[in-house]
Number of protein chains: 2
Amino acid sequence: MVVYAGQGENKRTMALLWRAHGAVQDADKVSPGPKQGLSVDEIVDAAVELADAEGMNAVSMRTVGKVLGRSGMALYTYVPSKGELVDLMYDRALGELPTRYDVSQGWRSAVVAWADDYWAFFLRHPWVLQVSSARPVLGPNEFASMDTVVRLFDGVELPALLLRRIVGTLANFVRGCVQTIAESRQAPGATGISDEEWWYARSAALAAVVPDFAQRYSALIRLETEGATPPDDDCTPYMERESTEQFKAGLEVLLDGIDASITKAAASAAGSAGAT
Amino acid sequence: MVVYAGQGENKRTMALLWRAHGAVQDADKVSPGPKQGLSVDEIVDAAVELADAEGMNAVSMRTVGKVLGRSGMALYTYVPSKGELVDLMYDRALGELPTRYDVSQGWRSAVVAWADDYWAFFLRHPWVLQVSSARPVLGPNEFASMDTVVRLFDGVELPALLLRRIVGTLANFVRGCVQTIAESRQAPGATGISDEEWWYARSAALAAVVPDFAQRYSALIRLETEGATPPDDDCTPYMERESTEQFKAGLEVLLDGIDASITKAAASAAGSAGAT
DNA sequence: TGCTAACCTCTTACGGTGTAATGGGTTAGG
DNA sequence: CCTAACCCATTACACCGTAAGAGGTTAGCA
């Protein structure tokens, strides 16, 4: 279930996101009627906890309400719709990300540290990947996390436009890598059969149906036999180990590419400086 | 809505995927009863068409059935569950991808051509991104597309393990880039307000709520003002143009990184060859 | 020809979703 | 104390995937 950001009244959404919990209703407003038995924070906390534990599919208005001992509809007093709740969950989770990295040792080590944190973050909150990234939520922590990535390159000479794209590519890269793991953890069979069992059953069925596999996909077969993942003793599922390795290796490749970009940019800057 | 691959009886699924439409029931079986009024192909076609036109959310058993003039339940005669139908849609769509690229001019131009095709493919079928990538479908076209990517590097000297990771990173990269566009096209507001309008309304609300934005996110602001996307005359939505530019630039960076990997691999191969 | 068994399809039903509408209980200010 | 505002629950509606069962259709056999 990909959940789209609610696009209700933007103003109320923004007020909720930017910690205007007190200022949602214009502060000086009188308020007869019973006190609120809940708070937006409580609701978001409960929803995040639920999503962490049982996946985004388990998060419904009713289930969140049940956790808090209310009906599902009660939440609509605090939050305009489920979309906004998801926005709040998203931005709240992002708040966990570190915002400072040491760039004194150069950008490369800083980027690696950031990527590791980002990676771990998604593993802690896999459901975040299901929140639509099309239209940013524009919450405080989303901006903070973006700001943080940009500051990784603080001392580096790069055209702003190129830097923007590099930053985007880095974020995309981590997201893409971790998605495989995250989804396999949330898959319905996650509790039940393991990756290994699934693969075994599935590829057995495959072999039965497609006897000429090796001929049809010779390049794949060659890659698989030559470059089999070494059976690293620890017992993390196959898919996760594979993805982790790909993350590490892919990051190095990407960093080399960024390095090349920086070198090029420096050369062109020097060239134009020399020309003037 | 992220849809997970059905994990029903693997054998039947595999038979369906690998075009064993005739061989689903063991060929020599007698068959009293009415002829099938539909075929798996028809159903998958209709579902893909629906998904292309109105997004994955519009694809339900009932809606697909309606397109074909049947009830939703009628489809269960042909397909064990919705999960398998999604698998079939996925593999069928992948069948559109080209499988041959000219590597005679070097790997780099071939990879660029492939990336463009892959990109365009996802734009044609944005819903494919919503199909879980955790547990591959293992259909013929999925393997074919992977095989194709591997063959882009046919003449290149790279350790198999590294090549596998590079290939994975490339695929992840394109997926990640296109996701932004794809989701923005499928977003519920896609028919209604445009990207520009949304951004305008949303950031107006933002400015009202957060007056100290520029101080809190100075790095972002600097990036935004210095590296503003040039207003390229054509009228594609802001988000799409931005994403496309990021795709192009990011790909170049990534290719530079791959180049570096190849150089390194060659050096290490030469080194070890010289050492022995 | 008529029967039977297998098969296709539809209807109904169940538990789930998000949320609009309604109404009752609680509490502050006048 | 009354009233108006507010919190919350109930009910209801339209959707979802699919289990269960009923009824029509057809091939093969007697």
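Residue numbering restarts at 1 for every chain, and letters A, B, ... go by the order of the sequence lines. In this text, all values refer to a predicted model and were calculated from it rather than measured experimentally.
Nearest heavy atoms, B:V59 versus B:A47: CG2-O, 3.9 Å. Residues A:F122 and A:V128 approach most closely at CE2-CG1, 3.8 Å, considering heavy atoms.
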How does protein reach along nucleotides 13-22 of chain C, written 5' to 3' as B (base within reach of a heavy atom under 4.0 Å), S (only sugar-phosphate), or - (no contact)? B---BBBBB-

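Using a 30° and 60° split on the angle between ring planes, A:F247 and A:W119 fall in the parallel class, below 30°.
Using a 4.0 Å cut-off between a side-chain N of Lys or Arg and a carboxylate O of Asp or Glu, A:R124 and A:E96 qualify as a salt bridge. A salt bridge is defined here as a Lys NZ or Arg NE, NH1 or NH2 lying under 4.0 Å from an Asp or Glu carboxylate O, and B:D147 with A:R216 fails to meet this definition.
Within the 4.0 Å cut-off from OP1 or OP2 of C:dC10, at least one side-chain nitrogen or oxygen of B:S71 is found.
To the nearest angstrom, C1' of D:dC16 lies 13 Å from NZ of B:K66. Remark: C1' of D:dC8 and OH of A:Y78 are 8 Å apart, rounded to the nearest angstrom. Going from atom CD of A:Q36 over to atom P of D:dA9 covers 13 Å, rounded to whole Å. Per the geometry, CD belonging to B:E42 stands 10 Å off P belonging to C:dT9, to the nearest Å.
Side-chain contact, A:Q36 with A:Y78: no donor N or O sits under 3.5 Å from an acceptor N or O.
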Stepwise side-chain contact (heavy atoms from CB on, under 4.5 Å) test for A:Y217 and B:M146: CA-CA 9 Å; A:Y217 309 107; B:M146 287 162 57; over 6 Å; no

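At most 12 heavy atoms of other shown residues, nucleotides or ligands fall within 6.0 angstrom of atom CD in A:E49.
Each end of the helix from C:dT1-D:dA30 to C:dG30-D:dC1 gets its own axis from five base pairs, and the two axes differ in direction by 30°, given to 10 degrees.
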